[in-house]
Amino acid sequence: MASVLLYHVVGDLTVGKPELVEFSETETVEAAIRAIGESTECGIPVWKRMPHVGMIEKNEMRQQRFVGILTSLDIVSFLAKTQCWEDQDKAMKTQVSDVVVPNKALLKIVDPATRLIDALEMMKQGVRRLLVPKSKVWKGMSKRFSILYNGRWLKNNENASSSNLIPNANRPSSSSTSTYMRDKFCCLSREDIIRFLIGCLGALAPLPLSSISSLGAINLDYSSIEASLPALEATQKHPGDPSAVAVVEITPDGHHKILGEISASKLWKCDYLAAAWALANLSAGQFVMGVEDNVSSRLLPDFSVNSPVQDNKTANGGGSPRLRKFSSRSIGFNPVSPSFGVGRSMYRGRSAPLTCKTWSSLAAVMAQMLSHRATHVWVTEDDNDDVLVGVVGYSDILLAVTKQPAALIPSTRSITELASEIQS
């Protein structure tokens, strides 16, 4: 086990993190679209309102108020419903409580002194957000030392009790070793954890140089949909983690040839109404590859587009949303090829899936995910860029970095080879 995971605590990762602003379940879908554009991991935690304003709330009460995490894919799937197209204004003013999938297990409140290894174990079990109290003066420490919020180092106190030296992940935030600001929390995502880990590659050796295949980090149980099927069927797959469905063609020998994906990552900052129309009316292949050359322009509607960021005039009620004809470019795609079945090698656009090889190193895959702000990377065969093998998500990486050294296969790759792979 890497010492960096034992000696660091979650409080070290909260330095500079902004205070959490709760997003209420009574807010509208339109407000959620704006909030998701500024979020991490393409989703926002949704909360029930406090029963009484100004009340002092215990962690257990706050945990019970958490509803679930609302993603961009959830919203686009909701807007693609027939009743939403019949009344778009009503759909955009729908409360998010009617859209979000309740799941209280996705968030956990932890003490700042919780060891990083304990936090990783929670996330391996399905937790996607850690809610950490912000402290004025935190004097907890991990085994020997830890970084204080003000940036100074706190050395091991010989008179400290053993309970302070090895913090308990379940210890309440009202610990005598901490002074907390009332109702002040910050939120850590799995992306924050990965960003921290990639800054500690040396301490994690030999893991970063090892291939994702040797680490067992490739998830073979991925969600997929055939390109010729309606794109709306992707929402029936109920992708869990990552929230993504691969759009594939089935080859004569039964392999999956990946064309693109329908995911929360791709829809993160899209034009939601345009994406919803495409999801409801196009095939999966047309959705990811573009439709300008596949569908007659007379079939593409003109509709008012409520984009995540509107101009000030519209936002202030001084004007109405502008009419715009549907284009796959408006949902973040840049199609080139004439169809998803022809000219695949010519296609290069934003809808192209993020891929790696089975021999790709763990460090290279982590760098890919962070540089693209993606929640996952699709894995393809070594000798064929399009044949899908599996997917690597946040949970798979966390499982890999906590593997015991005895379970690893030694790597003969050099630091120079690793640097070259990351740059490419």
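All heavy atoms count here, side chains included; hydrogens, waters and symmetry mates do not. Just so we're clear, the structure is a prediction, and the values are computed from it rather than from any experiment.
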Would you find a donor on one side and an acceptor on the other, under 3.5 Å apart, between the side chain of [X] and the backbone of [Y]?
| X | Y | answer |
| --- | --- | --- |
| Ser371 | Ala367 | yes |
| Lys357 | Glu381 | yes |
| Thr14 | Gly11 | yes |
| Glu233 | Pro230 | no |
| Ser214 | Ser210 | no |
| Lys48 | Ser24 | no |
| Asn281 | Trp277 | yes |
| Ser263 | Lys266 | yes |
| Lys104 | Gly68 | no |
| Glu261 | Val288 | no |

So, do [X] and [Y] sit near enough that their side-chain heavy atoms are less than 4.5 Å apart?
| X | Y | value |
| --- | --- | --- |
| Thr71 | Trp268 | no |
| Leu388 | Val379 | no |
| Met122 | Thr114 | yes |
| Leu13 | Val10 | no |
| Thr28 | Met92 | no |
| Ile218 | Ser213 | yes |
| Lys257 | Val248 | no |
| Val29 | Phe78 | yes |

Could you tell me whether [X] and [Y] have a side-chain N and a carboxylate O separated by less than 4.0 Å?
| X | Y | value |
| --- | --- | --- |
| Glu25 | Arg49 | no |
| Asp241 | Arg190 | yes |
| Arg115 | Asp118 | yes |
| Arg195 | Glu191 | yes |

Any chance you could measure [X], atom [atom1], to [Y], atom [atom2], to the nearest 0.5 Å?
| X | Y | atom1 | atom2 | result |
| --- | --- | --- | --- | --- |
| Met369 | Ile198 | CE | CD1 | 10.0 Å |
| Arg129 | Ser39 | CZ | OG | 7.0 Å |
| Leu107 | Leu130 | CG | CG | 7.5 Å |

Minimal non-hydrogen separation, [X] against [Y], with atom names:
| X | Y | result |
| --- | --- | --- |
| Thr375 | Ser265 | OG1-OG, 3.2 Å |
| Val365 | Cys356 | CG2-SG, 3.9 Å |
| Tyr222 | His256 | OH-ND1, 3.1 Å |
| Ala231 | Leu279 | O-CD1, 3.5 Å |
| Ile36 | Ser72 | CD1-N, 3.9 Å |
| Lys17 | Cys187 | CE-O, 3.3 Å |

For this session: Take Tyr394 and Ser189 through the side-chain contact (heavy atoms from CB on, under 4.5 Å) test and state the conclusion after the steps.
Result: CA-CA 10 Å; Tyr394 285 130; Ser189 67; over 6 Å; no
Exercise. Can a donor-acceptor pair be found between the side chains of Ser395 and Lys124 at a distance below 3.5 Å?
Worked result: no
Acceptor/donor pairs from residues 93-103 side chains to any protein atom, 3.5 angstrom cut, sequence neighbours excluded:
residue : atom : partner : partner atom : Å
Thr94   : OG1  : Lys90   : O            : 3.0
Thr94   : OG1  : Ala91   : O            : 3.0
Asn103  : OD1  : Ala105  : N            : 3.1

For this session: Apply side-chain contact (heavy atoms from CB on, under 4.5 Å) to Phe287 and Val247, showing your working.
Result: CA-CA 9 Å; Phe287 185 89; Val247 178; over 6 Å; no
